[in-house]
Amino acid sequence: MEAVVAACRSALAKQGTVIVLTGAGVSAESGIPTFRGKEGYWTIGAREYQPQELASHAAFSEMPWEVWAWYLYRRGVCRAASPNDAHYAIARWDDAFKSQNDRFALVTQNVDGLHRRAGSPPSRTYAIHGDVDLMRCSVECVANLWPIPPGVPALAKGEPVGEAARGLLVCPRCGEMARPHVLWFDEAYDEPRYRLDTVRDLAAAACLVVVAGSSAQTNLPWQVVMLAARNGATIVDVNIEDNPFSEVAAQSGGAIRDSAATALPLLVDQLSR
Ligand code: NAD
């Protein structure tokens with residue numbers, strides 16, 4: 001930890017953006033499972049699906065209400081969860097930069113809304129994989145995002161989407177079925193919905209990137225770290241396991257092999273002194 005703190009201090013003395021990049025591991029201690037491991041599996045009929053199969057446009061085209069049922073179950077898990085010490089530490093760090101003209105940015109792969117609930121401001125939070133509380137038109141008649149209507153209930157595991165909820169999960173403009181506002185594994189990032197260009201620009205201008213609880217399996221998080229590293233930024237990895245980001249971090253800031261809810265408050269407190 002001491003070596004990482006020292007590396008972060010020298011990075012902070014330079015000019016540039018400070019980015020915290022979070023993955024599902026940051027919310028694991030709030031009780032929201034990551035996609036790795038048995039907990040992520042989902043049974044439809046006689047078959048068990050992996051999250052990567054269900055979180056796809058292909059699955060939505062074939063069985064939209066089953067995919068919605070999975071999201072409404074997961075949304076219920078997210079809403080029942082509370083932010084943990086990692087989310088609060090990131091919000092405190094953002095606050096410490098408030099006089100420095102938007103120098104801080106939070107880039108999150110998480111769709112659970114816990115950063116927002118911990119106090120990270122929407123203006124500096126880039127939810128690059130979407131948000132389980134939002135929906136949009138499935139035929140993209142407009143680019144608008146809408147909150148999922150309050151009448152749509154959380155579902156228990158295996159519970160189907162009822163008729164009343166189906167009537168609410170429609171595009172308010174054209175009446176076609178709505179879809180969850182999340183980036184699926186067979187879809188591409190873009191600027192209007194997922195802030196691709198803005199996040200790439202922030203990364204290119206970064207002096208420090210702290211990655212927490214991410215396995216480096218998705219494209220934009222990897223781009224953020226590589227763009228920043230190539231431009232001389234210090235990279236730090238916080239994760240309970242080795243992963244491809246640890247190897248990049250080993251070249252500059254180093255890794256903290258501990259849970260996000262333990263490591264991030266310690267790191268932020270030391271850097272705020
Ligand atoms: P991921 O790529 O973010 O991998 C999870 C990582 O967290 C792993 O490297 C694991 O070692 C690490 N980890 C687990 N517990 C940890 C802890 N307590 N402290 C620190 N690190 C910890 O995510 P994924 O599960 O492969 O999911 C892929 C995508 O699916 C995500 O990018 C996201 O868009 C979506 N997803 C979101 C949520 C959420 O919003 N909470 C949960 C699951 C999946």
Handout entry: Spacing of Asn110 atom CG and Ile32 atom CD1 [to the nearest 0.5 Å]
Key = 7.5 Å
Problem - Heavy-atom donor-acceptor pair, Arg179 side chain to Val182 backbone, under 3.5 Å - result: yes
Exercise for the section: Determine, for Arg193 against Glu187, whether the closest basic-nitrogen to carboxylate-oxygen distance falls under 4.0 angstrom. Expected result: no
Exercise for the section: Evaluate the criterion salt bridge (charged side-chain N to carboxylate O under 4.0 Å, His left out) for residue pair Asp242 and Arg257; output intermediate values, then yes/no. Expected result: CA-CA 8 Å; Asp242 278 333; Arg257 211 34 83 248; 3.0 Å; yes
Practice task
Give a yes or no on whether Gln100 atom CD has more than 12 heavy-atom contacts from other residues, nucleotides or ligands under 6.0 Å away.
Solution key: yes
Practice task
Return yes if a side-chain donor-acceptor contact under 3.5 Å exists between Thr234 and Ser252, otherwise no.
Solution key: no
Fill in the blank from the handout: d(Tyr49 OH, Leu54 CG) to nearest 0.5 Å is 7.0 Å
Handout entry: Same cluster (ILVMFWY, side-chain, under 4.5 Å), Val4 and Val238
Key = yes
Problem - Hydrophobic cluster membership, Val224 vs Trp222, 4.5 Å side-chain cutoff - result: yes
Exercise for the section: To the nearest 0.5 angstrom, please state how far the SG atom of Cys207 sits from the CZ atom of Arg103. Expected result: 4.5 Å
Exercise for the section: Say whether, by atom type as modelled, one donor and one acceptor occur between the side chain of Glu176 and the main chain of Val139 under 3.5 angstrom. Expected result: no
Handout entry: Side chain Asn239, main chain Ser215, donor-acceptor under 3.5 Å
Key = no
Handout entry: For Ala263 against Met1, the heavy-atom pair lying closest together
Key = O-CE, 3.8 Å
Exercise for the section: Report whether Tyr126 and Met226 are members of the same hydrophobic cluster (ILVMFWY, side-chain heavy atoms less than 4.5 Å apart, transitive linking). Expected result: yes
Practice task
Is it possible for you to say whether Val210 and Leu106 belong to one hydrophobic cluster, with membership spreading through side-chain heavy-atom contacts below 4.5 Å?
Solution key: yes
Practice task
State whether a side-chain donor-acceptor pair under 3.5 Å links Ser27 with Ser30.
Solution key: no
Problem - Asp237 side chain to Ala255 backbone, donor-acceptor under 3.5 Å - result: no
Exercise for the section: Drop me the distance from Arg79's CZ to Leu72's CG, to the nearest 0.5 angstrom. Expected result: 10.5 Å
Problem - Salt bridge Lys98-Asp95, side-chain N to carboxylate O under 4.0 Å - result: yes
Exercise for the section: For Asp102 and Arg124, run side chain to side chain contact (heavy atoms under 4.5 Å, CB included): C-alpha distance rounded to whole Å, both residues' side-chain angles, the deciding distance at 0.1 Å, then the answer. Expected result: CA-CA 7 Å; Asp102 288 350; Arg124 288 188 293 279; 3.2 Å; yes
Handout entry: Heavy-atom side-chain proximity of Ser259 to Glu29 below 4.5 angstrom
Key = yes
Practice task
May I ask you to test the Val161-Leu155 pair for a side-chain heavy-atom distance under 4.5 Å?
Solution key: yes
Problem - Connected via hydrophobic side-chain network under 4.5 Å: Val211 and Val248 - result: yes
Handout entry: Between NE2 on residue His57 and CG on residue Asp186, distance to nearest 0.5 Å
Key = 7.5 Å
Handout entry: Shortest non-hydrogen contact between Ala228 and Ala206, atoms and distance
Key = CB-CB, 4.2 Å
Exercise for the section: Show your working on side chain to side chain contact (heavy atoms under 4.5 Å, CB included) between Gln223 and Leu220 and close with a plain yes or no. Expected result: CA-CA 5 Å; Gln223 283 192 49; Leu220 186 52; 4.2 Å; yes
Exercise for the section: Fit a plane to each ring of Trp93 and Phe104, take the angle between them on a 0 to 90° scale, and name the class: parallel (under 30°), tilted (30 to 60°) or perpendicular (over 60°). Expected result: perpendicular
Fill in the blank from the handout: Residues Ile148 and Val152: closest non-hydrogen pair is CG2-CB, 3.8 Å
Exercise for the section: Describe, in one word, how the ring planes of Trp184 and Phe60 are oriented to each other, choosing from parallel (under 30°), tilted (30 to 60°) and perpendicular (over 60°). Expected result: tilted
Handout entry: Donor-acceptor contact present, side-chain Ser56 to main-chain Gln52, <3.5 Å
Key = no
Exercise for the section: Decide ring pair (Phe, Tyr, Trp, His ring centres under 6.0 Å) for His129 and Phe185; before the verdict, give the C-alpha distance in whole Å, the side-chain angles of both, and the deciding distance to 0.1 Å. Expected result: CA-CA 10 Å; His129 289 175; Phe185 283 93; 7.8 Å; no
Practice task
Specify the closest pair of heavy atoms between Ala233 and Leu208, including all atoms of both residues, with the distance to one decimal.
Solution key: CB-N, 4.1 Å
Practice task
Start with the C-alpha gap between Leu169 and Met135, add the side-chain angles, then the distance that decides, and say whether side chain to side chain contact (heavy atoms under 4.5 Å, CB included) holds.
Solution key: CA-CA 8 Å; Leu169 293 169; Met135 65 180 198; 4.1 Å; yes
Practice task
Check Pro64 against Met177 and note the closest heavy-atom contact, atom names and distance.
Solution key: CB-SD, 3.6 Å
Handout entry: From OH (Tyr189) to CG (Asn219), nearest 0.5 Å
Key = 5.5 Å
Completion exercise
In terms of heavy-atom contacts, Leu202 and Ala105 come closest through CD1-CB, 3.9 Å
Practice task
I would like to know whether Val268 and Ile90 meet side chain to side chain contact (heavy atoms under 4.5 Å, CB included); could you show each step before the answer?
Solution key: CA-CA 8 Å; Val268 168; Ile90 294 165; 5.9 Å; no
Problem - Any side-chain heavy-atom pair of Val18 and Cys8 under 4.5 Å - result: no
